[in-house]
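FYI, the numbering just counts along the sequence from 1.
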Amino acid sequence: VQLQASGGGVVQAGGSLGLSCAASGSISSINRMGWYRQAPGKQRELVARKSNSGDTDYADSVKGRFTISRDNAKNTVYLQMNDLNTEDTAVYYCYANLRPGGYGAAWDVYWGQGTQVTVSS
């Protein structure tokens with residue numbers, strides 16, 4: 001199982017960026033998918049997550065600006081980021097709580113490789 005993130009880059013404050021993350025491989029079921037981020041010198045923090053039933057959580061700092069969505073048929077999670085500010089600069093990591101295919105496979109958390117988002121003032 002692999003998670004491949006894409007998107008990110010450099011944007012000016014007030015701008016927008018979109019991230020996507022696709023899970024591939026032998027997958028039986030996926031529950032939550034979401035995004036964490038880690039800024040230099042700071043701990044990794046939850047940005048947003050969405051369950052397969054649609055329950056959604058956002059960090060207070062991104063509410064009203066970021067939107068998480070999923071395409072369950074494609075095992076893909078998206079993060080649309082609007083009105084970005086310099087505090088959003090970080091490496092963004094996607095994750096999925098999933099159960100791989102195969103007899104006896106257990107639920108676990110899988111991580112993408114991280115993608116850099118830089119917001120310039």
Side-chain angles (χ1 to χ4, degrees):
V1 175
Q2 286 188 326
L3 269 66
Q4 182 67 46
S6 61
V10 181
V11 64
Q12 285 192 328
S16 299
L17 278 176
L19 305 179
S20 64
C21 176
S24 62
S26 179
I27 298 170
S28 175
S29 185
I30 301 178
N31 186 2
R32 283 199 183 97
M33 299 185 80
W35 298 89
Y36 277 72
R37 68 185 180 187
Q38 187 165 21
K42 294 186 177 182
Q43 289 188 328
R44 190 176 294 193
E45 63 173 356
L46 175 69
V47 177
R49 62 187 177 188
K50 194 174 186 73
S51 72
N52 61 358
S53 62
D55 295 333
T56 304
D57 296 305
Y58 291 97
D60 288 342
S61 60
V62 308
K63 284 180 181 176
R65 301 188 298 121
F66 290 12
T67 301
I68 188 170
S69 61
R70 283 176 61 167
D71 184 335
N72 291 331
K74 295 181 179 180
N75 292 336
T76 300
V77 62
Y78 305 93
L79 186 68
Q80 178 63 37
M81 304 180 291
N82 298 328
D83 193 23
L84 285 159
N85 59 60
T86 56
E87 296 291 310
D88 297 316
T89 295
V91 177
Y92 284 69
Y93 298 90
C94 63
Y95 81 97
N97 177 219
L98 63 85
R99 183 172 62 188
Y103 180 79
W107 288 90
D108 205 347
V109 178
Y110 292 77
W111 293 90
Q113 80 278 19
T115 184
Q116 177 70 46
V117 172
T118 301
V119 184
S120 61
S121 58

- Query: Shortest non-hydrogen contact from Pro100 to Ala106?
  - Reply: CD-O, 3.3 Å
- So, for Thr76 and Ala22, which heavy atoms are closest and what is the spacing to 0.1 Å? OG1-CB, 3.5 Å
- Item | Pairs where residues 54-121 contributes a residue and the test disulfide (SG to SG under 2.5 Å) is met, not counting sequence neighbours | Cys21-Cys94
- Applying side-chain hydrogen bond (donor to acceptor under 3.5 Å, both in side chains), which residue pairs with at least one partner in residues 112-121 are found, sequence neighbours left out? Gln116-Thr118
- Message: Starting from Val11, can I reach Val62 by hopping between I/L/V/M/F/W/Y residues whose side chains sit under 4.5 Å apart?
- Response: yes
- Report yes if some heavy atom in the side chain of Val77 is under 4.5 Å from a heavy atom in the side chain of Lys50; otherwise report no. no
- Task: Apply side chain to side chain donor-acceptor pair (under 3.5 Å) to Asp55 and list each qualifying residue two or more places apart in sequence or on a separate chain.
- Result: none
- Task: Not counting sequence neighbours, list each pair that qualifies as a ring pair (Phe, Tyr, Trp, His ring centres under 6.0 Å) and has a residue in residues 62-94.
- Result: none
- Note on the structure: Scanning both residues in full, the closest heavy-atom pair of Ala48 with Leu79 reads CB-CD1, 4.2 Å
- Same apolar cluster: Leu46 and Val91, side chain cutoff 4.5 Å: yes
- Message: To the closest 0.5 Å, what do you measure between CG (Asn85) and OG (Ser61)?
- Response: 8.5 Å
- Item | Euclidean distance, Asp83 CG relative to Ser16 OG, rounded to 0.5 Å | 8.0 Å
- Consider only side-chain heavy atoms of I, L, V, M, F, W and Y, link residues closer than 4.5 Å, and tell whether Val1 and Val109 are in one cluster. no
- Note on the structure: So disulfide (SG to SG under 2.5 Å) across residues 38-81, not counting sequence neighbours, yields none
- Task: Taking side chain to side chain donor-acceptor pair (under 3.5 Å) as the test, write out the residues that go with Thr86, two or more places apart.
- Result: none
- Message: Per the side-chain hydrogen bond (donor to acceptor under 3.5 Å, both in side chains) rule, what does the pair list look like for residues 94-112, sequence neighbours excluded?
- Response: none
- Which residues share a side chain to side chain donor-acceptor pair (under 3.5 Å) with Arg65, sequence neighbours left out: Asp88
- Message: Looking at Gln38, I want to see if its CD is surrounded by more than 12 non-hydrogen atoms of other residues, nucleotides or ligands under 6.0 Å.
- Response: yes
- Same hydrophobic cluster for Leu84 and Val47, using side-chain heavy-atom links shorter than 4.5 Å among ILVMFWY? yes
Residues 24-35 side chain polar contacts: donor-acceptor under 3.5 Å, at least two apart:
none

- Note on the structure: Residues at least two apart in sequence or cross-chain that pass side chain to side chain contact (heavy atoms under 4.5 Å, CB included) with Ala13, listed by chain then number, are Val119
- List in chain and number order the residues that pass side chain to side chain donor-acceptor pair (under 3.5 Å) with Glu45, two or more places apart in sequence or in another chain; answer none if no residue qualifies. Arg37
- Note on the structure: Distance col, row Gln80:CD vs Ile68:CD1, nearest 0.5 angstrom, shows 12.0 Å
- Query: Which residue pairs satisfy the disulfide (SG to SG under 2.5 Å) criterion with at least one member in residues 25-86, sequence neighbours excluded?
  - Reply: none
